[in-house]
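First the structure, in the form of structure tokens, and then the observations on it.
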Amino acid sequence: MQIRFADARPEGDYALVIPVQGKDRSGLAALGTAQQTVTATLDRQRFEGEASSVSEQFIDDGGGTSRLLVVGVGKGDAKGEAAEKLGGTAAARLQTSGEKTAVIDLSGLGYDADTTARVGLGAALRSWRYDRYRTKLKDNQKPTLGEVVIVGGDSGGGQRFEQRWAPVVEGEPANVIYPQSFVERVRASIEGSGLDVEVLDRVAMEKLGMGALLGVAQGSMREARLLILKWNGAANGGQPTAFVGKGVTFDTGGISIKPAAGMEAMKWDMGGAGAVVGAMKALALRKAKANIVGICGLVENMPGGNAQRPGDVVTTMSGQTVEVINTDAEGRLVLGDAITYVQRNFKPSTIIDLATLTGAILISLGHEWAGLFSNNEELAGKLQAAGQESGDKLWRMPLAESFDRLIDSPIADMKNVGPREGGSITAAQFIQRFVENGTKWAHIDMAGKAWSDKAASTYEKGATGFGVRLLDQYVADVLER
Ligand code: BES
Ligand code: ZN
Ligand code: MN
């Protein structure tokens with residue numbers, strides 16, 4: 001999708017998009033002679049200009065008939081959010097409409113440069129689709145919209161879009177298949193971005209003693225990988241911030257196998273790793289002034305002749321031992337070793353991990369918020385603020401010694417599951433046991449957020465891209481100031 005910013009409407013055919021703020025229809029003045037009919041139509045459709053509401057009409061513009069979308073931007077949302085919804089709503093509505101070009105006319109809204117740019121961001125994000133495996137799409141189901149032109153906004157909108165938001169769109173993750181192909185896709189996608197890439201294979205991880213991560217991988221024919229992406233954009237060589245992603249490319253549960261119903265959703269169990277890669281790419285493309293290292297623990301969790309058994313004890317890279325009670329609690333095993341690796345090799349001042357870690361977080365927070373756990377008040381506050389700003393919302397959950405005790409094991413240093421109650425919290429306590437000497441740490445349990453069964457204003461159903469904008473916003477707010 002091509003997003004352009006212009007001073008005036010282009011020549012030629014296009015669908016015109018006019019935003020209106022609630023019942024304030026002053027934006028329609030731009031329609032000239034058609035205004036009266038359009039206003040009458042809106043009244044008869046009982047159109048009230050609520051956020052994301054659309055009235056689609058065809059108007060006679062003198063030379064011919066053209067499509068008009070009047071899109072509500074409401075009055076309730078913050079401006080940035082309203083702007084993204086406007087762009088997203090228009091793009092979604094026109095994507096397969098037959099129109100090739102959409103012109104969004106912002107005159108009269110008084111948007112500043114950033115808000116203008118975020119109309120483009122919404123349109124670009126919402127246009128992302130994954131059609132690779134649709135071989136039978138009828139012609140009239142295929143996307144036609146190739147270009148969105150934004151006019152009438154602030155003249156700085158185009159520059160703001162290129163510098164701040166276009167990289168974030170590029171940072172959307174793909175849904176990919178097994179550890180090695182994940183790495184290959186990432187390599188192809190970040191080529192030329194300036195990110196440094198390093199990959200550890202099974203043998204390298206064995207040498208480092210990453211027994212927990214490798215224990216999860218051992219039931220699969222597809223070998224594990226640890227993917228390390230580095231971005232050094234700060235002027236000084238200060239301690240980096242680390243992003244760590246759970247990249248379970250498929251989670252069957254292993255020998256503690258999951259029920260058949262719904263298991264296909266476990267292809268999304270690499271959502272944390274997808275977010276880390278997406279954010280790293282976005283930061284590199286916009287040359288963020290920060291030092292960041294992104295780590296993805298990539299494994300496939302399968303049952304098999306060599307799979308780990310419930311009751312196995314593994315030794316982690318940290319030296320701590322784990323009794324694996326349930327092979328389906330695999331994400332924490334992967335993250336534990338990945339976190340030790342990043343601390344030993346990069347000495348980060350802050351670690352933020354993202355993982356589709358527990359079904360229990362879905363029970364707590366549903367599909368709207370991801371869970372946030374942290375050992376540091378300031379870090380938690382800043383992440384929540386970045387969540388609010390980016391739309392990737394976070395709800396703080398507790399950590400406490402009393403929960404930590406629940407994962408003590410009678411035969412090893414810890415076991416990998418606690419009781420059913422508080423399952424997201426004991427999972428977080430497990431990860432915390434790998435955080436060394438007071439490093440600031442936050443864990444984001446995004447099990448309810450990696451994919452969605454229904455489309456929203458900035459994504460189609462399927463992968464949501466959750467976490468990319470959150471991390472990007474955190475870096476902008478905290479590390480680049
Ligand atoms: N990947 C799952 C968690 C998950 C569940 C993500 C539903 C998205 C939707 C994770 O590896 C898992 O299986 N967790 C178990 C932990 C349990 C065995 C302690 C769970 O939540 O049931
Ligand atoms: Zn999992
Ligand atoms: Mn699992």
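Read the numbers this way: they start at 1 and go in the same order the structure lists the ligands and their atoms. Bear in mind the structure is a predicted one, so any value in this text is a computation, not a measurement. Hydrogens, waters and symmetry mates are skipped; everything else that's a heavy atom, side chains included, is used.
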**Request:** Using a strict cut-off of 4.0 Å, indicate which atoms of ligand 1 neighbour a heavy atom of Thr356.
**Result:** 1 (N), 2 (C), 3 (C), 6 (C)
**Message:** Considering non-hydrogen atoms of the protein only, which is the closest contact for atom 10 (C) of ligand 1, and what is the distance?
**Reply:** Leu357 O, 3.2 Å
**Residue Lys246 vicinity, atoms of ligand 1 by number, heavy atom under 4.0 Å** = 1 (N), 10 (C), 11 (O)
**Whether Arg433 side chain and Asp413 backbone form a donor-acceptor pair below 3.5 Å** = yes
**Message:** Quick one: does any side-chain atom of Glu480 pair with a main-chain N or O of Lys289 as donor and acceptor, under 3.5 Å?
**Reply:** yes
**CD on Glu48 to OG on Ser53, rounded to 0.5 Å** = 8.5 Å
**Request:** Give a yes or no on whether a salt bridge exists between Lys347 and Glu436, defined as a side-chain N under 4.0 angstrom from a carboxylate O.
**Result:** no
**Prompt:** Got more than 12 heavy atoms from elsewhere within 6.0 Å of NZ, Lys75?
**Reply:** yes
**Request:** Give yes if a backbone or side-chain nitrogen or oxygen of Gly359 is under 3.5 Å from a nitrogen or oxygen of ligand 1, and no if not.
**Result:** yes
**Asked** Around Gln388, counting heavy atoms of other residues, nucleotides and ligands shown, do more than 12 lie under 6.0 Å from its CD?
**Response** no
**Asked** Does any donor atom in the side chain of Thr340 or Ser318 lie under 3.5 Å from an acceptor atom in the other side chain?
**Response** no
**Prompt:** Going from CG on Asp472 to CG on Leu283, what distance comes out if it is rounded to the nearest 0.5 angstrom?
**Reply:** 5.5 Å
**Complete:** From the list Leu399, Ile352, Val244, Thr350, side chain to side chain contact (heavy atoms under 4.5 Å, CB included) with Trp441 holds only for Leu399
**Asked** How many angstroms lie between atom CE of Met280 and atom CZ of Phe243, to the nearest 0.5 angstrom?
**Response** 7.0 Å
**Request:** May I ask you to check whether Asn326 has an N/O atom sitting below 3.5 Å from an N/O atom of ligand 1?
**Result:** no
**Atom pair CG/NZ of Leu470 and Lys393 - distance to nearest 0.5 Å** = 12.5 Å
**Prompt:** Tell me: protein heavy atom nearest atom 6 (C) of ligand 1, and distance?
**Reply:** Ala447 CB, 3.6 Å
**Message:** Set out, in order, the CA-CA distance, both residues' side-chain angles and the distance that settles salt bridge (charged side-chain N to carboxylate O under 4.0 Å, His left out) for Arg396 and Glu377, then state yes or no.
**Reply:** CA-CA 10 Å; Arg396 181 95 183 260; Glu377 298 305 309; 3.3 Å; yes
**Asked** What's within reach of the Mn ion (ligand 3), meaning protein N/O/S atoms under 2.8 Å?
**Response** Asp251 OD2, Asp328 O, Asp328 OD1, Glu330 OE1
**Asked** Does any N/O atom on Glu330 come nearer than 3.5 Å to any N/O atom on ligand 1?
**Response** yes
**Request:** May I ask you to identify, for Trp451, whether its side chain, its backbone, both or neither come under 4.0 Å of ligand 1 on a heavy-atom basis?
**Result:** side chain
**Message:** At a cut-off of 2.8 Å, what protein N/O/S atoms sit near the Zn ion (ligand 2)?
**Reply:** Lys246 NZ, Asp251 OD2, Asp269 OD2, Glu330 OE2
**Message:** Would Asp251 count as a polar contact of ligand 1, with the cut-off being nitrogen or oxygen pairs under 3.5 Å?
**Reply:** yes
**Asked** atom 19 (C) of ligand 1: which protein heavy atom is closest, and how many Å away?
**Response** Val417 CG1, 3.4 Å
**Asked** Salt bridge check: are Lys246 and Asp353 linked by an N-O gap of less than 4.0 Å?
**Response** no
**Prompt:** Would Glu378 and Lys382 pass as an ion pair if we require N to O under 4.0 Å?
**Reply:** yes
**Prompt:** Which residue supplies the protein heavy atom nearest to atom 15 (C) of ligand 1, what is that atom called, and how far is it?
**Reply:** Asp328 O, 4.0 Å
**Asked** Any protein heavy atom sitting closer than 4.0 Å to atom 22 (O) of ligand 1?
**Response** no
**Complete:** Among non-hydrogen protein atoms, atom 16 (C) of ligand 1 lies closest to Arg332 NH2, 3.9 Å
**Prompt:** Taking atom CZ of Arg222 and atom CD of Gln180, what is their separation to the nearest 0.5 Å?
**Reply:** 10.5 Å
**Message:** I need the nearest protein heavy-atom contact for atom 7 (C) of ligand 1: residue, atom name and distance, please.
**Reply:** Met266 CE, 3.7 Å
**Message:** Using heavy atoms and a 4.0 Å limit, tell me yes or no: is Leu362 in contact with ligand 1?
**Reply:** yes
**Prompt:** Looking at ligand 1, does any of its N/O atoms fall within less than 3.5 Å of an N/O of Lys258?
**Reply:** yes
**Asked** Salt bridge check: are Asp114 and Arg118 linked by an N-O gap of less than 4.0 Å?
**Response** yes
**Asked** Could you give the distance from CE (Met414) to OG1 (Thr321), rounded to the nearest 0.5 Å?
**Response** 7.0 Å
